[in-house]
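The next block holds one structure in the form of structure tokens; read it before the comments.
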Amino acid sequence: MRPWLAVPVVLALGLGVHAFAGGDFAKYAGVALYATLIYALVAYWLRPLWATLTAVGVSWAVEFFQLTGIPAELSARSGLARLVFGSTFNAPDLFWYVAGALLGMAIVKGRMVEKGSGDVSRPTS
């Protein structure tokens with residue numbers, strides 16, 4: 001399985017958690033799945049470690065971008081912008097982005113080992 005094939009699954013999980021769960025679980029599961037989604041988007045082209053670092057870096061960049069107030073303005077006008085950029089900075093999210101990126105890496109590496117790939121440094125089809 002190619003890592004990018006996980007994109008629709010992760011999107012469905014994230015939207016499902018957002019729609020049907022509540023409280024801290026929904027918030028932090030959504031944050032983690034955001035990083036997992038970014039991981040799935042870049043893992044086809046990058047080795048697992050670099051895909052993980054990229055997912056964390058992009059997620060953290062978006063989180064710190066929230067300090068500018070621009071995402072809050074965009075989120076007030078668009079539900080899609082709210083899902084992509086969020087609205088307010090929340091320091092605990094930084095941890096959950098790392099957890100989500102590591103989850104993506106664990107799934108891809110586990111899938112490669114399951115298929116019997118001797119080299120787990122690159123995703124296989």
Side-chain angles (χ1 to χ4, degrees):
M1 177 174 91
R2 303 224 185 252
W4 51 266
L5 291 175
V7 169
V9 174
V10 175
L11 270 174
L13 282 171
L15 292 172
V17 165
H18 182 75
F20 299 111
D24 286 344
F25 171 78
K27 179 183 179 3
Y28 294 119
V31 168
L33 287 168
Y34 183 89
T36 306
L37 176 65
I38 295 170
Y39 181 94
L41 289 169
V42 300
Y44 182 73
W45 296 281
L46 302 174
R47 294 180 182 272
L49 176 62
W50 289 110
T52 302
L53 294 173
T54 300
V56 170
V58 168
S59 300
W60 282 17
V62 169
E63 190 69 25
F64 284 110
F65 181 50
Q66 292 170 353
L67 291 170
T68 68
I70 296 169
E73 291 177 28
L74 294 172
S75 295
R77 293 186 227 147
S78 166
L80 180 60
R82 184 168 186 78
L83 289 173
V84 173
F85 296 117
S87 60
T88 57
F89 179 82
N90 184 28
D93 290 355
L94 300 173
F95 167 79
W96 291 105
Y97 289 131
V98 174
L102 290 172
L103 172 66
M105 184 172 74
I107 291 168
V108 169
K109 280 192 162 193
R111 182 78 177 129
M112 290 185 319
V113 169
E114 177 183 304
K115 290 187 78 163
S117 172
D119 178 15
V120 296
S121 64
R122 297 240 358 125
T124 60
S125 56

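Just so we're clear, the structure is a prediction, and the values are computed from it rather than from any experiment. We're numbering straight along the sequence, starting at 1.
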Task: Leu33 side, atom CG; Ile38 side, atom CD1 - distance, nearest 0.5 Å - done: 11.5 Å
Task: Pair listing, salt bridge (charged side-chain N to carboxylate O under 4.0 Å, His left out) test, anchored in residues 6-33, at least two apart - done: Lys27-Asp93
Quick one: side chains of residues 70-77, donor-acceptor pairs under 3.5 Å with protein atoms, not counting sequence neighbours, listed by atom name and distance.
from: Ser75; atom 1: OG; to: Pro71; atom 2: O; distance (Å): 2.8
from: Ser75; atom 1: OG; to: Gly86; atom 2: O; distance (Å): 2.5

Task: CD on Glu63 to OH on Tyr34, rounded to 0.5 Å - done: 9.0 Å
Open item on the list: For Val98 and Trp60: C-alpha separation, side-chain torsions, deciding distance, then whether side chain to side chain contact (heavy atoms under 4.5 Å, CB included) applies.
Closed with: CA-CA 9 Å; Val98 174; Trp60 282 17; 3.8 Å; yes
Open item on the list: Run the ring pair (Phe, Tyr, Trp, His ring centres under 6.0 Å) test against Phe95 and tell me which residues pass, sequence neighbours left out.
Closed with: none
Task: Atom pair CG (Leu80) and CZ (Arg82), whose distance is rounded to the nearest 0.5 Å - done: 12.5 Å
Open item on the list: Do Leu94 and Leu67 land in one hydrophobic cluster if side-chain heavy atoms of ILVMFWY residues count as linked below 4.5 Å?
Closed with: yes
TODO: Taking all heavy atoms of Phe25 and all of Ala21, pick out the closest pair and write down the distance.
DONE: CD2-CB, 4.0 Å
Open item on the list: Ignoring hydrogens, what is the shortest heavy-atom contact between Ser59 and Ala55? Give both atom names and the distance.
Closed with: OG-O, 2.7 Å
Task: Hphob cluster co-occupancy, Tyr28 + Leu15, side-chain heavy atoms under 4.5 angstrom - done: no
Open item on the list: How close do Ala51 and Leu46 get, counting heavy atoms only, and between which atoms?
Closed with: N-CB, 3.9 Å
Open item on the list: I'd like to know if the side chain of Thr36 reaches the main chain of Gly100, judged simply by a donor and an acceptor atom lying under 3.5 Å from each other, with no hydrogens or angles considered.
Closed with: yes
- [ ] Kindly compute the distance separating CH2 (Trp96) from CG (Asn90), expressed to the nearest 0.5 Å.
- [x] 12.0 Å
Task: Leu37 reachable from Leu83 in the ILVMFWY side-chain graph, under 4.5 Å edges - done: no
TODO: If the plane angle is over 60° it's perpendicular, under 30° parallel, otherwise tilted; pick one for Phe85 and Phe65.
DONE: perpendicular
Task: Smallest separation among heavy atoms of Thr88 and Gln66, with atom names - done: O-OE1, 2.6 Å
